[in-house]
Amino acid sequence: MPSALPDGEPVPADGALPPHALAGAADRPLGFYLHVPYCATRCGYCDFNTYTATELRGTGGVLASRDNYADTLTDEIRLARKVLGDDPRPVRTVFVGGGTPTLLAADDLVRMLAAIRDEFGLADDAEITTEANPESVDPAYLATLRAGGFNRISFGMQSARQHVLRILDRTHTPGRPEACVAEARAAGFEHVNLDLIYGTPGESDDDWRASLDAAVGAGPDHVSAYALIVEEGTQLARRIRRGEIPMTDDDVHADRYLIAEETLSAAGFDWYEVSNWATSEAGRCLHNELYWRGADWWGAGPGAHSHVGGVRWWNVKHPGAYAAALAEGRSPGAGREVLTHEDRRVERILLELRLREGVPLSLLKEEGHAASRRALADGLLQEGPYEEGRAVLTLRGRLLADAVVRDLVD
């Protein structure tokens, strides 16, 4: 089941932000994340805020229905317009995630995007992305999305091997994600991503190489590759605890990452964030870069998180409670926090160190500077950028990124 929300102070009923949150807003890009919380089935490794029809039955009534979800989410987009007032910024990025956004009708996704366009306007070069399950789209669906303004799509491939997909409880068949890339290109999508997961119990090095080769051969301009994380409360965690399948292994994860870097680099992909590779700067996911660089984004939907000007808040998780709040004219916000200068400094280091451009050494305190010198001596940071005042991870540093960043934030 989905993980718990953090604690925080109450969100005002009208969603109003502190006055300082919009100070200097014109200098920051604005993005929207639209969360679609529905899935046909729950994957064994997933702890996202998603719900199957069985999980929703009897808990949300008509308010939790997929049929009227686009209208409900549009209500929050209109609330965002009221909260942000006369903020003149057009929206730079929109990302529709989930869950499985493509369980909704394509016209519903287009209507949600149209609401943002109507309320805020879209930048001329706006990046408009949706995630998609390979089995829930076809050429007609993709053509509707493209005609409606979407220009980037991300398919959940995870693996090219059936036995690996089975462990993950993924329902698509091997080969279908690659076919989806071709269909998306034919529909006119400029940018296409494939998501992969490595380190699944029972996956071999050869299985992982086959998945990478299949992904590269499909012709996307972006690949994301994530190590499998076994989250408490998931079906996968229960199976491992019962001894049905082995626990994942950090050393295996490191080996698989090196295989990914070797394969993707040879195919013309460059890393720009620890888990993300693109064939060009234009192929990068600009929306995710908003997160990594601490820009402003409004997260609409159950459990969605937002950040504007150092204020972070999150919505109630259940679709029924979310829809009820909006129907009553209230913000669906469950809690919020106002980040201090120190909070924002630490978050910059945590997030920007994962980027190819790295993080300015000027953000480090004395202990962090000492740690950076040790990391440089240990081959975890690149020498050239360090001499120019930036901490940039080496390949070995990327393998140990979490440990490196823990030392630098001291």
Side-chain angles (χ1 to χ4, degrees), residues 43-47 154-170 174 177-178 193-218 220 222-232 234 236-237 239-241 243-279 288 350 353-356 358 374-382 391-408:
C43 296
Y45 61 92
C46 179
D47 76 334
S154 177
F155 294 108
M157 178 178 177
Q158 319 314 351
S159 176
R161 297 296 204 200
Q162 183 66 64
H163 70 95
V164 176
L165 293 172
R166 191 177 302 117
I167 291 292
L168 296 173
D169 293 322
R170 296 291 294 183
E178 299 94 302
N193 171 63
L194 288 175
D195 274 343
L196 297 173
I197 289 178
Y198 58 87
T200 300
E203 177 193 66
S204 67
D205 285 353
D206 285 344
D207 291 331
W208 178 232
R209 288 191 176 93
S211 296
L212 288 164
D213 289 343
V216 167
H222 191 286
V223 171
S224 299
Y226 301 103
L228 177 66
I229 298 175
V230 180
E231 302 285 2
E232 284 300 318
T234 62
L236 182 61
R239 294 186 66 190
I240 290 173
R241 190 166 54 249
E244 296 175 13
I245 53 178
M247 181 61 182
T248 56
D249 184 277
D250 288 344
D251 290 337
V252 170
H253 283 173
D255 290 342
R256 300 281 159 76
Y257 186 88
L258 293 174
I259 292 171
E261 170 64 21
E262 178 184 13
T263 302
L264 293 171
S265 293
F269 289 79
D270 291 322
W271 80 283
Y272 70 98
E273 191 274 341
V274 168
S275 299
N276 291 272
W277 291 258
T279 57
N288 284 343
L350 288 171
L353 185 66
R354 296 179 61 86
L355 298 174
R356 189 183 188 96
R374 292 193 298 271
L376 181 68
D378 290 341
L380 304 177
L381 296 178
Q382 297 179 29
V392 177
L393 295 171
T394 61
L395 176 56
R396 182 165 174 265
R398 285 148 62 190
L399 294 174
L400 301 170
D402 291 344
V404 175
V405 78
R406 281 196 301 268
D407 289 339
L408 296 191

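Looking at heavy atoms from C-beta onward, Ser159 lies out of side-chain contact with Thr200 at the 4.5 angstrom threshold. Taking 4.5 Å as the limit, some side-chain heavy atom of Tyr226 sits within range of a side-chain heavy atom of Asn276. By the 4.5 Å heavy-atom criterion applied to side chains, Trp277 and Glu261 are counted as neighbours. The closest side-chain heavy-atom distance from Glu273 to Asn288 is not below 4.5 Å. Using a 4.5 Å cut-off on side-chain heavy atoms (C-beta onward), Gln158 and Val164 make no contact.
In this structure, OG1 on Thr394 lies 10.0 Å from CG on Asp378, to the nearest 0.5 angstrom. One distance of note links NE2 of His253 with CG of Asp255; it measures 10.5 Å at 0.5 Å rounding. Here OG1 of Thr263 is found 7.0 Å from CZ of Arg209. Values are rounded to the nearest 0.5 Å. Leu380 CG to Arg398 CZ: the interatomic distance, rounded to the nearest 0.5 Å, is 12.5 Å. Residue Leu408 holds its CG atom at 6.5 Å from CG of Leu381, rounded to the nearest 0.5 Å. One finds the CG atom of Asp195 at 11.0 Å from the CE atom of Met157 (value rounded to the nearest 0.5 Å).
When all heavy atoms of Val274 and Ala401 are compared, the pair lying nearest together is CG2-CB, 4.4 Å. Residues Leu393 and Leu353 come closest through the heavy atom pair CD1-O, 3.4 Å. The heavy-atom pair separating Pro201 from Ile167 by the smallest distance is O-CG1, 3.8 Å. Pairing each heavy atom of Tyr272 with each of His222, the nearest pair is OH-NE2, 2.6 Å. Val404 and Gly397 make their closest contact through CG2-O, 4.3 Å (heavy atoms, listed as atom of the first residue, atom of the second, distance). Closest of all the heavy-atom pairs between Gly202 and Asp207 is O-OD2, 3.7 Å.
In this structure, Asp249 contributes its side chain and Asp251 its backbone to a donor-acceptor pair below 3.5 Å. No donor-acceptor distance shorter than 3.5 angstrom exists from the side chain of Tyr257 to the backbone of Ala227, with no hydrogens or angles considered. Here the side chain of Glu203 pairs a donor or acceptor atom with the backbone of Gly199 at under 3.5 angstrom. Side-chain atoms of Ser211 come within 3.5 Å of backbone N or O of Ala160 as a donor-acceptor pair. No donor-acceptor pair under 3.5 Å is formed between the side chain of Arg161 and the backbone N or O of Ser204.
More than 12 non-hydrogen atoms from other residues, nucleotides or ligands lie less than 6.0 angstrom from CD of Gln162.
Trp208 meets the side chain to side chain donor-acceptor pair (under 3.5 Å) test with no other residue; sequence neighbours excluded. Ala267 pairs by the side-chain contact (heavy atoms from CB on, under 4.5 Å) definition with Val216, Phe269, not counting sequence neighbours.
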Audit row: Leu395, Leu258, side chain to side chain contact (heavy atoms under 4.5 Å, CB included) steps and yes/no: CA-CA 8 Å; Leu395 176 56; Leu258 293 174; 3.8 Å; yes
